[in-house]
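FYI, the numbering just counts along the sequence from 1. Quick caveat, the model's predicted, so the values are computed rather than measured. Just so you know, ligand 1 is whichever comes first in the structure, and atom 1 is the first atom listed for that ligand.
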Amino acid sequence: MEDKVVMITGASRGIGEAVALEFAKRKAKIVLVARTPEDLERVRGRVLDAGAEDVLTITTDISKEEEVEVMLDVTLSRFGRVDILVNNAGVGYFKPVVDTTLSEWQTMFDVNVTGLFLCTRGVLPKMLEQGSGHIINISSDVGRRTIAGGAGYCATKFAVQAFADALRKEVQRQGIKVTNILPGMTDTYFANSEQGAEHKRDWLKAEDIARAVLYAASQPPGVLVDDITLHPMVQEY
Ligand code: NJP
């Protein structure tokens, strides 16, 4: 990963932080993206300690087109390229449809789908110019199946899967890979929950997802990993 420029959204905690640390250990140049500057600064310190060659933090709400444009301008003026985009930022509200507000519905689509589209569309011209690049989406196991109480969230992740599958067909002949990682229940702060809570003891750890991202990202140029699904042994699937 030396000299590779890896941009990670939702990098201020949870899975995004773990992904950043995995790439840092392999001496990549890392761009950390999220909305909370203090959290990004904390992760920046950890990522530098872990061995990253260089780190850039950019405070960005990925659902806002103008902020994503600035994020890309700043990245390209610093590094001149993007080799890997990890579309990880995501939000979820889990409740029956009848109780789901329009604002919750829209926030899930704005971040999980539109934000992912904006970041992907933003890096593609540079990747096409490079003739190489890798878009890795942190989707969800509920991007291929559904759960009661998660209709809106499932719909966003099904959208991610469809978007990625179609995009892969568009760009794979131009040297660009598209991979979806589909985690099951993972111990993070997701959906305003507590990381390390007792009931999550046997769930996947953020590092488990990060290793899957690394696996996909470290294949030879001719090998394309479409999807990786992971879930904890305790989760019925
Ligand atoms: O969640 P969490 P995870 N613009 O809440 C950022 C998927 N997944 O690590 O902006 C930019 O700890 C937020 O930072 P901040 C899930 O759908 C999870 O578990 O400062 N960034 C934080 O860094 C998601 O796609 C589970 O608030 C924004 C990060 O996103 C991915 O895993 C299961 C943002 C969220 O960290 C990572 O989630 C599954 C915005 N508008 C899929 N909004 C699971 N944990 O069980 C949020 O199947 N962020």
Side-chain angles (χ1 to χ4, degrees), residues 7-22 31-44 46-47 57-68 70-71 85-94 103-104 106-120 122 136-147 150 152-161 163-164 180-197 199-210 212-213 227-232 234-235 237:
M7 173 182 278
I8 304 156
T9 69
S12 61
R13 58 175 192 248
I15 293 171
E17 176 176 0
V19 170
L21 289 168
E22 280 297 326
V31 184
L32 302 169
V33 175
R35 293 167 305 174
T36 313
E38 312 81 62
D39 292 345
L40 285 174
E41 278 312 303
R42 183 188 60 79
V43 177
R44 173 198 174 81
R46 291 196 72 199
V47 161
T57 58
I58 313 181
T59 305
T60 309
D61 181 339
I62 60 152
S63 66
K64 303 219 159 68
E65 186 173 22
E66 54 295 347
E67 293 192 26
V68 171
V70 171
M71 172 187 94
L85 167 67
V86 182
N87 278 316
N88 165 74
V91 294
Y93 299 97
F94 295 89
S103 161
E104 290 165 341
Q106 281 174 334
T107 301
M108 287 190 282
F109 274 85
D110 286 351
V111 180
N112 301 1
V113 184
T114 306
L116 181 141
F117 157 72
L118 289 171
C119 295
T120 303
I136 303 179
N137 301 317
I138 308 302
S139 173
S140 173
D141 64 339
V142 297
R144 295 267 190 232
R145 68 188 181 95
T146 58
I147 49 169
Y153 180 72
C154 293
T156 66
K157 295 298 186 176
F158 268 67
V160 168
Q161 293 294 133
F163 175 75
N180 287 322
I181 310 290
L182 294 81
M185 298 181 312
T186 308
D187 180 11
T188 68
Y189 299 98
F190 186 62
N192 291 321
S193 63
E194 185 197 340
Q195 188 166 16
H199 73 280
K200 296 178 171 183
R201 196 187 53 210
D202 296 325
W203 291 17
L204 297 173
K205 306 292 173 244
E207 296 73 28
D208 300 325
I209 317 307
V213 172
D227 285 349
I228 301 177
T229 304
L230 307 90
H231 56 93
V234 293
Q235 182 181 2
Y237 189 71

Give the atom numbers and elements of ligand 1 that come within less than 4.0 Å of a heavy atom of [X].
| X | value |
| --- | --- |
| Ala89 | 21 (N), 25 (O), 28 (C), 30 (O), 49 (N) |
| Thr36 | 15 (P), 20 (O), 27 (O) |
| Met185 | 46 (O) |
| Ile138 | 7 (C), 25 (O), 31 (C), 32 (O) |
| Thr60 | 4 (N), 11 (C) |
| Gly14 | 9 (O), 12 (O) |
| Asp61 | 4 (N), 40 (C), 41 (N) |
| Tyr153 | 7 (C), 8 (N), 16 (C), 17 (O), 39 (C), 42 (C) |

Distance from [X] atom [atom1] to [Y] atom [atom2], nearest 0.5 Å?
| X | Y | atom1 | atom2 | answer |
| --- | --- | --- | --- | --- |
| Asp208 | Leu230 | CG | CG | 7.0 Å |
| Leu204 | Met185 | CG | CE | 8.0 Å |
| Ser139 | Phe163 | OG | CZ | 12.5 Å |
| Met7 | Ile136 | CE | CD1 | 14.0 Å |

[Y] and [X], any side-chain heavy atoms less than 4.5 Å apart:
| X | Y | value |
| --- | --- | --- |
| Pro37 | Thr57 | no |
| Pro232 | Asp202 | no |
| Leu182 | Arg144 | yes |
| Thr186 | Trp203 | no |

**Message:** I'd like to know if the side chain of Gln195 reaches the main chain of Tyr189, judged simply by a donor and an acceptor atom lying under 3.5 Å from each other, with no hydrogens or angles considered.
**Reply:** no
**Short side-chain to backbone donor-acceptor contact, Thr9 and Asn88, under 3.5 Å** = yes
Looking at ligand 1, does any of its N/O atoms fall within less than 3.5 Å of an N/O of [X]?
| X | value |
| --- | --- |
| Val91 | no |
| Val33 | no |
| Asp39 | no |

For [atom], which protein heavy atom lies nearest, and how many Å away is it?
| atom | value |
| --- | --- |
| atom 31 (C) of ligand 1 | Asn88 O, 3.1 Å |
| atom 4 (N) of ligand 1 | Ile62 N, 3.0 Å |
| atom 19 (O) of ligand 1 | Thr188 OG1, 2.6 Å |
| atom 39 (C) of ligand 1 | Pro183 O, 3.4 Å |
| atom 38 (O) of ligand 1 | Phe190 CD1, 4.0 Å |
| atom 22 (C) of ligand 1 | Ser12 OG, 3.6 Å |
| atom 46 (O) of ligand 1 | Thr186 N, 2.9 Å |
| atom 34 (C) of ligand 1 | Arg35 NE, 3.5 Å |

**Asked** In terms of the angle between their ring planes, are Phe190 and Tyr153 parallel, tilted or perpendicular, with boundaries placed at 30° and 60°?
**Response** tilted
**Prompt:** What do you reckon, is NZ of Lys200 surrounded by more than 12 foreign heavy atoms closer than 6.0 Å?
**Reply:** yes
**Item:** Short side-chain donor-acceptor distance under 3.5 Å, Thr120 and Asn87
**Value:** yes
**Message:** I need the contact type for Ala191 against ligand 1. Using non-hydrogen atoms and a strict under-4.0 Å cut-off, is it side chain, backbone, both or neither?
**Reply:** neither
What do you reckon, does [X] put a non-hydrogen atom under 4.0 Å from ligand 1?
| X | answer |
| --- | --- |
| Gln195 | no |
| Gly184 | yes |
| Val111 | yes |

**Fill in**
Nearest non-hydrogen contact to atom 7 (C) of ligand 1 from the set Ser139, Ser140, Ala206 belongs to Ser139
**Request:** Could you pull out all residues at least two apart from Ala164 that satisfy side chain to side chain contact (heavy atoms under 4.5 Å, CB included)?
**Result:** Asn137, Val178, Asn180
